[in-house]
Amino acid sequence: MSSHPHSFGRFCMQCGQRLASAIPEGDTKRRLVCMDCGFIHYVNPRPVAATIPERADGRILLTRRAIEPRKGTWVFPGGYMDVGETAEEAAIRETLEEAHLEVRDLSLLGVYTRPGPGVVVIVFRAVALGQGRAGHETAEVEWFGPDEIPWGELAFDSTESALRDFVRARMRGASGESF
Ligand SMILES: [Zn+2]
């Protein structure tokens, strides 16, 4: 996942005047409002699509981040969606870019919000079609068994929440399955 801080300007993109913080009529929250033309600059979260790729032996792929924020920590492949693609398509594309790994048979694991940076992470379980290797923004890739996940070195709270849900889902499904 690449970094994407709030990049709202302090000037109106409609008329170029300085913005002020105010609660618009009928609203309940402070917004960036142009006192000149009345334009309201809403700052909305950005969706990130990600996969937890699973191998036939039950191991999952994590990538070590080569970029800030949280450089050197582990995360599953994912990134910001582009306009024109579905969440599933974005997750598949990001997995290819960051881990050189093709995945198929995506199923939704969960949706994890990071309110601070304004990110909504949509995480899919996926069947891995290869071994993968480090790609764009990635220092290395590694396959971890459910009992080998580096809990102390994960990138974000959302990473940990998703992996905990994954391990729980795996354990629930394990009773009748091979892994
Ligand atoms: Zn304006």
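Whatever order the structure lists them in is the order used to number ligands and atoms, beginning at 1. If you're wondering where the values come from, they're calculated on a predicted model, not measured in any experiment.
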- Task: May I ask you to decide whether Glu153 forms a salt bridge with Arg64, counting only side-chain N to carboxylate O separations under 4.0 Å?
- Result: no
- Would you mind checking if Asp57 and Arg55 are paired as a salt bridge, meaning a charged N to carboxylate O distance below 4.0 Å? yes
- Closest heavy-atom contact between Thr86 and Met81?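 Closest pair (atom of Thr86, atom of Met81, distance): C-CE, 3.8 Å.
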- Measure from NZ or CZ of Arg31 to the centre of the six-membered ring of Tyr42, then state whether that distance is under 6.0 Å and the direction lies within 45° of the axis. no
- Distance below 2.8 Å from the Zn ion (ligand 1): how many protein N/O/S atoms qualify?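 Protein N, O or S neighbours of the Zn ion (ligand 1) under 2.8 Å, waters not counted, come to 4.
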- Message: Are the side chains of Leu62 and Glu142 in contact, using a 4.5 Å heavy-atom criterion?
- Response: no
- Query: Which is it for Leu101 and Leu96 under the side-chain contact (heavy atoms from CB on, under 4.5 Å) test, yes or no, and what are the steps along the way?
  - Reply: CA-CA 5 Å; Leu101 180 68; Leu96 202 53; 5.9 Å; no
